[in-house]
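Before any comments, here is the structure.
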Amino acid sequence: MSAYPPIVLNTGARMPALALGGWAGLTEEERTQAKEWFLTALKSGYRHIDTAQIYYTEKSVGNAIRESGIPREELFITTKLPWNHHSRVAESFQKSLENLGTEYIDLYLVHFPQRVFYDETTDFPRNPDGSIKVVNSPTLNDVWADVETLLDTGKVKAIGVSNYSIKTLEELLKTAKVVPAVNQVELHPFLAQSKLLAYCKEKGIAVTAYTPTGYQTVLTDPTIVELAGKYGVSPAQIVLAWHLSRGVAAAPKSANESRQKENLNLPFLQPEDVAKISALDRGQRIANKADERGQVWGLTLEELGW
Ligand SMILES: NC(=O)c1ccc[n+]([C@@H]2O[C@H](COP(=O)([O-])OP(=O)(O)OC[C@H]3O[C@@H](n4cnc5c(N)ncnc54)[C@H](OP(=O)(O)O)[C@@H]3O)[C@@H](O)[C@H]2O)c1
């Protein structure tokens, strides 16, 4: 188990800093089969799983938890409101609870600031020009107000957002009664997000990194490879240790038991090495990149504040 301490949220809850990423692919088979590697992760010591209703792995997470026999209170489960469910928050939240088969969710995130047209046949409705069909209503503020009411049910311990920037957080905070506990964003050495981290720290919002390894794009960087040699660990362990050293939670996905264990066993880095890795920042998105229209899932980088 990683010796890094949990992240204390603005609710007082302790969130394990290293989560297992729960995206498992596009096919029904991959999503069902994911139960097996969620289970190896739980047996290997993971106590935080990051899923989302739109990953279609909530049922597999629930099945793995029950099969593991680990008491629910020892686990931390994050799931997310789909981008096309912004007008149906209570109903969608209930669906996630049923999928997970659990009494409560530890952290519930608004998955994207984009509000996408609801079409029950697809999660990716498109305009005639091929762009994702985003809608302006409800507003970010309306969605957040609906998510806040979930706290009254006692079935969610903390609420937060994902893919929010300083710009969209500022908009949300104009009317928020509850400050988001977490903002989950793409973050790795090539996209160090230092300004967003400083902003979130000031507001009491914890940050979780997705695509935390930066894939082979980052893992083959000469500085990362050199540091892996220095500490006698893998490049992924160096990158994950960098996140935790900065007080950022990370949600690496691995379907492989030995890499799952590797990702939990992280070295402590010297401050100068943390700085060396942060200096690799080049503002490069690897997971959610702009398309040929300059949009990320229907919104421009400017609209997103990215
Ligand atoms: N909020 C959002 O919008 C959002 C967006 C994207 C992702 N996420 C979350 O973040 C999680 C992780 O994101 P991600 O899958 O994009 O990125 P990632 O976890 O950084 O990368 C996953 C890839 O790295 C490999 N890998 C894992 N550990 C490794 C190691 N020690 N050495 C070498 N390769 C390793 C995995 O392969 P193996 O499985 O074969 O080990 C897999 O191909 C997702 O599962 C999801 O929970 C959230």
Side-chain angles (χ1 to χ4, degrees), residues 2 16-26 30-31 33-34 36-38 40-41 44 46 48-58 60-61 76-84 107-114 116 123-124 132 160-165 168 180 182-191 193 196 207-221 224-225 228 231 233-244 248-267 284-289 296-299 304 306:
S2 159
L18 211 289
L20 180 79
W23 162 253
L26 292 169
E30 286 169 308
R31 293 159 171 178
Q33 202 273 333
E36 301 304 331
W37 53 267
F38 292 148
T40 60
S44 301
Y46 285 79
H48 180 180
I49 299 187
D50 178 78
T51 183
Q53 195 178 123
I54 218 163
Y55 300 168
Y56 298 93
T57 54
E58 290 175 322
S60 294
V61 169
F76 191 102
I77 303 174
T78 299
T79 194
K80 313 184 191 89
L81 174 75
W83 62 12
N84 51 355
L107 177 64
Y108 190 60
L109 305 180
V110 177
H111 203 151
F112 278 93
Q114 288 90 330
V116 171
D123 291 329
F124 297 87
I132 290 283
V161 294
S162 177
N163 292 297
Y164 275 55
S165 60
T168 46
V182 168
N183 183 21
Q184 181 180 121
V185 294
E186 180 173 343
L187 205 176
H188 42 71
F190 287 0
L191 184 69
Q193 300 269 29
L196 181 63
V207 175
T208 298
Y210 75 69
T211 313
T213 66
Y215 307 146
Q216 290 305 309
T217 313
V218 169
L219 298 179
T220 54
D221 178 89
I224 302 293
V225 172
Y231 288 89
V233 298
S234 72
Q237 286 170 302
I238 291 293
V239 173
L240 295 172
W242 170 75
H243 288 294
L244 272 51
V248 169
K253 170 262 167 188
S254 180
N256 174 281
E257 189 174 354
S258 74
R259 284 191 289 280
Q260 288 174 348
K261 288 181 177 158
E262 180 183 316
N263 294 349
L264 269 187
N265 257 315
L266 303 176
Q284 183 184 344
R285 290 181 188 275
I286 297 173
N288 278 314
K289 290 183 278 203
V296 181
W297 304 119
L299 289 188
L304 286 162
W306 288 10

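Order of appearance sets the numbers: ligands from 1, and atoms from 1 within every ligand. If you read the sequence from its start, that first residue is 1, and numbering goes on from there.
- Put simply, the side chain of Leu266 reaches to within 4.5 Å of the side chain of Leu18, judged on heavy atoms.
- Taking 4.5 Å as the limit, every side-chain heavy atom of Ile54 sits out of range of all side-chain heavy atoms of Phe112.
- Under the 4.5 Å side-chain criterion, counting only non-hydrogen atoms from C-beta, Ser234 is not in contact with Asn263.
- For atom 9 (C) of ligand 1, the nearest non-hydrogen atom from the set Tyr55, Trp37, Trp83 belongs to Tyr55.
- The heavy atom nearest to atom 14 (P) of ligand 1, out of those in Tyr215, Tyr210, Trp297, is found in Tyr215.
- Counting only heavy atoms, the protein gets under 4.0 Å from atom 32 (N) of ligand 1.
- The contact set between ligand 1 and Phe112, taken as ligand atoms under 4.0 Å from a residue heavy atom, comprises 3 (O).
- Residue Lys253 holds the heavy atom nearest to atom 39 (O) of ligand 1 of all those in Glu262, Lys253, Gln184.
- Rounded to the nearest 0.5 angstrom, Thr79 OG1 and His111 NE2 are separated by 8.5 Å.
- Nearest protein neighbour of atom 40 (O) of ligand 1, counting heavy atoms only, is Arg259 NH2, 2.8 Å.
- Looking at Asn263 against ligand 1, only its side chain comes within 4.0 Å, counting heavy atoms.
- Atoms of ligand 1 lying under 4.0 Å from at least one heavy atom of Ala236, given by number and element, are 30 (C), 31 (N), 32 (N).
- The protein heavy atom nearest to atom 47 (O) of ligand 1 is Asp50 OD2, 2.7 Å.
- Ranking protein heavy atoms by distance to atom 45 (O) of ligand 1, first place goes to Trp23 N, 3.0 Å.
- The parts of Ser254 lying near ligand 1 are both backbone and side chain, judged by heavy-atom distances below 4.0 Å.
- For ligand 1, the atoms closer than 4.0 angstrom to any heavy atom of Gly21 are 11 (C), 44 (C), 45 (O), 47 (O).
- When side chains are defined from C-beta on, Val161 counts as touching Val110, because their heavy atoms get closer than 4.5 Å.
- Side-chain atoms of Val248 and Trp242, non-hydrogen and from C-beta on, never get closer than 4.5 Å to each other.
- At a 4.0 Å heavy-atom cut-off, ligand 1 touches Pro212 through backbone and side chain alike.
- For the side-chain hydrogen bond (donor to acceptor under 3.5 Å, both in side chains) with Thr40, the lone residue among Lys261, Glu257, Gln260 that qualifies is Gln260.
- Under 4.0 Å from ligand 1, not a single heavy atom of Val185 appears.
- Residue Pro252 places no N or O, backbone or side chain, under 3.5 Å from any N or O of ligand 1.
- The atoms of ligand 1 that sit less than 4.0 Å from any heavy atom of His111 are 1 (N), 2 (C), 3 (O).
- At a threshold of 4.5 Å between non-hydrogen side-chain atoms, the residues Phe38 and Thr57 count as touching.
- In terms of N/O distances under 3.5 Å, ligand 1 is approached by Asn163.
- One finds a salt bridge joining Lys80 and Asp50 here, because a Lys/Arg side-chain nitrogen approaches an Asp/Glu carboxylate oxygen to under 4.0 Å.
- Protein heavy atom closest to atom 12 (C) of ligand 1, with residue, atom name and distance, is Ala251 O, 3.0 Å.
- Considering both main-chain and side-chain atoms, Lys80 never comes within under 3.5 Å of ligand 1 through any nitrogen or oxygen pair.
- The CG atom of Leu304 sits 9.5 Å away from atom CG of Asn288, with the distance rounded to the nearest 0.5 Å.
- Of the inter-residue distances, the one linking Gln193 atom CD with Trp306 atom CH2 reads 8.5 Å to the nearest 0.5 angstrom.
- Contact atoms of ligand 1 toward Thr213: 18 (P), 20 (O), 21 (O) (distance under 4.0 Å to a heavy atom of the residue).
- Between Phe124 and Trp297, the ring-plane angle classifies as tilted under the 30° and 60° cut-offs.
- Screening Leu240, Thr213, Val218 for a side chain to side chain contact (heavy atoms under 4.5 Å, CB included) with His188, the sole residue that qualifies is Val218.
- Residue Thr211 has at least one N or O atom closer than 3.5 Å to an N or O atom of ligand 1.
- Residue contacts with ligand 1: Ala255 is placed with a nitrogen or oxygen under 3.5 Å of a nitrogen or oxygen of the ligand (distance criterion only).
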